[in-house]
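The figures that follow rest on heavy atoms only: side chains count, while hydrogens, waters and symmetry mates do not. A note on names: the letters A, B, ... follow the listed sequences, proteins ahead of strands, and every chain is numbered from 1.
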There are 2 protein chains.
Amino acid sequence: MAGVSKGTVDRVLHKRGKVSKESFEKVDKVLKEIDYKPNPIARNLKINKTYNIHVLLPDPRQDPYWVPAHEGINEASNQFTPFGVQVRKFFYDPNNKSSFLNQSEQAILLQPDVLLMAPIFENESHTVLRKCCENKISVVLFNNHINTFKEQIFIGQDLKQSGRVAASLMDKIIGENKEIAIIHINKEPHMQLKENGFKEFFMEKTNGIHSIISKDFNSVEKNSFNQDVGLFLESNPNISAFFVTNSKAYMLVEAFEKITYRERIVIGYDLLKPNIKYLQDGAINFLIHQKPKRQAYLSVSYLAEHFLFGKDLPAQEFLPIDIITSENAKYYT
Amino acid sequence: MAGVSKGTVDRVLHKRGKVSKESFEKVDKVLKEIDYKPNPIARNLKINKTYNIHVLLPDPRQDPYWVPAHEGINEASNQFTPFGVQVRKFFYDPNNKSSFLNQSEQAILLQPDVLLMAPIFENESHTVLRKCCENKISVVLFNNHINTFKEQIFIGQDLKQSGRVAASLMDKIIGENKEIAIIHINKEPHMQLKENGFKEFFMEKTNGIHSIISKDFNSVEKNSFNQDVGLFLESNPNISAFFVTNSKAYMLVEAFEKITYRERIVIGYDLLKPNIKYLQDGAINFLIHQKPKRQAYLSVSYLAEHFLFGKDLPAQEFLPIDIITSENAKYYT
DNA sequence: TGTGTTAATGTGTTCGAACACATTAAATAA
DNA sequence: TTATTTAATGTGTTCGAACACATTAACACA
């Protein structure tokens, strides 16, 4: 159309230079006229590179919270392997920082194009970030945010805001001047953010003021956990509502069952089987869905579509904070 | 690898026949051994067909509910035009059945590969379905379901269940033995499903029984609508909670503002600007998000990925029924 | 006048699949 | 025996972009 060969057009498109002013202008004019958009399929076929995504996440066998994340990775992986995207998973023990570091080394050693990780250990994650930077491997974070020196891609929820959502729900169903407990079971750093958001919401409210206390439980063993809960309730008999900051609300409710019955409001996180059971029973009032599966799936697909078709990556993607009751639970699982 | 030419491999892959038993087995063996998966990119490049998707939906200028659907279509369209997927929109007047039929004819006339439509008129939609069938154009429905003779692809929400979700929320925040009104504003057939679900939930409950009445308002003009609401409240002074079955909850709340203040529970649908404003104010307690944008976006992308990469289409995709409060609204818009 | 240099431009091949067409070899008919 | 049919198999081209390599033309310098 411009009266030049495809070679010259190619040089204009890729700014490879060695094009006379006249040719450049002729080609440029036509490109604009026809609003040329390269065919991403043909481009990809020619480039024909395989991309490697290494995913570093907790072992789902250690904590069932991670099962859906694992599934999300697999789903995206299956979808994109035909296009030449290789996904490899590296599991670490969420109770063991050194296993996190070990696995991260494995993942980095093989020089992937990108490392996708759930950075549940703050300090160790920074170490990994640094190593990736040295090795020129880009990093994407999901599940929870950590403070990073440079802008890091993050895909997940605003955890502080999810604390506010929990508070707003509690506010709607609780009466006035009640005692509320924030319960951390096996506390991880990001759970503090949820507490902060929860408290912030009630600080802003001027009417119906409540008293809010927070309590950590760290016993791994079930019986001792139940015992701890019993002691806590004995010394705080007037608490009428509980906000559990991770997926372990079912443990609290189980502990309640060992104790004499009383109506209690419980809000927790995540659609684990036992949580859903208690939601249906009415023992849990609301769950907040952190969408681990979608987070994982989206992270991988964004990367794949970026590599394959040049789609640009969002700097930060905050997923919606879904509110779950007994009636809408089934559509999220 | 099998010691035959690519032509023979091609015949085996596509079952074009004219292959000796021996060659077939040799090729088949290798295909299984290497777990051959065709490269969808190369396939698509060769086929190099443009696909036409015609979308039949209400004019967003007539009802703001449809603005996000429109955006969702555009977003998917932009994403897939470089791949040779052409999306064309046909707007009809949601208050005018004949404009629906007119536009449907336009859409069918140009022989698209598929017609995607929001079938808000039940009978007329059946006419369109029949015509498409005659013209061998496949159809995908979104937004609301209609009863169809054969299995029809549908992408949207379970509307009856969304009524149940509304009921479960109301149940959590309302006291006992209250009067509840179900409000239909400019009733469309599918709104009855929401009423049914809402009532069903409370029928199943044995404690805290309420009285539920339903009421239609059809006035298009604001003043007369406000007047009608006033009259209704006068003759039903004890109603303490309202369930509005479409996106027009803000109209009801506006009408309330003309009347002396009283605390009222309101649950409605959809994240229109005025609805969100009232949600932040506390005048609306919960909104249910029908995700028109996501419905539209997903419909188009499913079709595009089906055409381009042979991904299979779901027979029915029920989207999650999202519950919105003042605290999580911003992540859905 | 001939040779080397360089900027500008053109040509050919490749990616993996799809499909039209060509070729081969065996079987059948004239 | 030779021609014809047909089943089986092989070869070549195309899609659009990327890139290596080849060619041309203009100019400088001996």
Between the side chains of A:Gln316 and A:His145, does any donor sit under 3.5 Å from an acceptor?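 Yes, a side-chain donor-acceptor pair sits under 3.5 Å.
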Less than 3.5 Å apart, any donor N or O on the side chain of B:Tyr297 or B:Gln79 sitting next to an acceptor on the other?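 Yes, B:Gln79 and B:Tyr297 have a side-chain donor paired with an acceptor closer than 3.5 Å.
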Which part of the nucleic acid, if any, lies within contact of B:Phe24, taking any heavy atom under 4.0 Å across all strands shown: a base, the sugar-phosphate backbone alone, or nothing? nothing
B:Asn39 near the nucleic acid: base, sugar-phosphate alone, or nothing, with a heavy-atom cut-off under 4.0 Å? sugar-phosphate
What's the [atom1]-[atom2] distance between [X] and [N], to the nearest Å?
X       : N      : atom1 : atom2 : value
A:His14 : D:dA20 : NE2   : P     : 12 Å
A:Asp10 : D:dA20 : CG    : P     : 10 Å
B:Lys26 : D:dA8  : NZ    : C1'   : 12 Å
B:Lys46 : C:dA18 : NZ    : C1'   : 5 Å
B:Lys37 : C:dG16 : NZ    : C1'   : 16 Å
B:Arg16 : D:dG10 : CZ    : C1'   : 15 Å
A:Leu31 : D:dA17 : CG    : P     : 10 Å
A:Ile47 : D:dA20 : CD1   : C1'   : 16 Å

Are [X] and [N] close enough that a side-chain N or O sits under 4.0 Å from OP1 or OP2?
X       : N      : value
A:Ser23 : C:dT9  : yes
B:Ser20 : D:dT9  : yes
B:Thr8  : D:dG10 : yes

Please state whether the base of D:dT23 and the side chain of A:Lys18 form at least one donor-acceptor pair under 3.5 Å? no
Toward the 5' end of DNA chain D, which comes first, A:Tyr36 or B:Ser5, by nearest nucleotide? B:Ser5
Closer to the 5' end of DNA chain D via nearest nucleotide, is it B:Gly17 or B:Asn48?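 The residue closer to the strand's 5' end, by nearest nucleotide, is B:Gly17.
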Would the number of heavy atoms belonging to other residues, nucleotides or ligands and lying under 6.0 Å from NZ of B:Lys29 be above 12?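 Atom NZ in B:Lys29 is not packed in, count stays at 12 or less.
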Just say parallel, tilted or perpendicular for the rings of A:Phe309 and A:Phe83, cut-offs at 30° and 60°.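 Rings of A:Phe309 and A:Phe83: perpendicular, over 60°.
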Selected nucleotide, minimal atom distance to [X] side chain, candidates [options]:
X       : options                : result
B:Arg11 : D:dA17, C:dT9, D:dG10  : D:dG10
A:Lys6  : C:dT13, D:dA17, C:dA8  : C:dT13
B:Ala42 : D:dG16, C:dG16, C:dG10 : C:dG16

Hey, what do you get for CE (B:Met117) to OH (B:Tyr92), rounding to the nearest 0.5 Å?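 So the CE of B:Met117 and the OH of B:Tyr92 are separated by 8.0 Å.
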